[in-house]
Amino acid sequence: MDGNPNLAQAMVNMAYVLAALAAISAAVFWFRADEAKRKAESAGKTPTLEWFSQAANATGIALGTAGLAFLASQFV
């Protein structure tokens, strides 16, 4: 390669960036879910599944995007 990425490689790089952003948002959601659980437990209440759905969805998006980007990178 001559140092200038072609369009296919640029798309793979963008997919990796999107996967990284999704992973960061998933981490934030998991921290929020843990914080909600700790607050409920410290108040003597039963922990709820607050933030769990968002965390699971963001994790799935991050893993799916990273997996697709990796597979695409094998053919570029």
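Counting begins at 1 with the first residue of the sequence. The structure displayed is predicted, hence computed values, not measured ones.
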Heavy-atom pair of closest approach, residues Ala66 and Ala19 | N-CB, 3.7 Å
Check against side-chain contact (heavy atoms from CB on, under 4.5 Å), Phe29 and Thr59 | CA-CA 9 Å; Phe29 283 130; Thr59 301; over 6 Å; no
For Ala69 against Val12, the heavy-atom pair lying closest together | O-CG1, 3.8 Å
Distance from Leu18 atom CG to Asn13 atom CG, nearest 0.5 Å?
-> 11.0 Å
Expected list for residues 49-57: side-chain donor-acceptor pairs under 3.5 angstrom, two or more places apart:
| residue | atom | partner | partner atom | Å |
| --- | --- | --- | --- | --- |
| Asn57 | ND2 | Ser53 | O | 3.2 |

Rounded to the nearest 0.5 Å, what's the gap from NZ on Lys37 to OG on Ser42? Could you check?
-> 11.0 Å
Under the side chain to side chain donor-acceptor pair (under 3.5 Å) rule, collect the residues that match up with Arg32, sequence neighbours excluded.
-> none
Look up atom OG1 in Thr46 and atom CD in Glu41, then write down how far apart they are to the nearest 0.5 Å.
-> 9.5 Å
Rounded to the nearest 0.5 Å, what separation is found between the OG1 atom of Thr65 and the CG atom of Leu21?
-> 10.0 Å
Shortest non-hydrogen contact between Pro47 and Ala40, atoms and distance = CA-CB, 3.9 Å
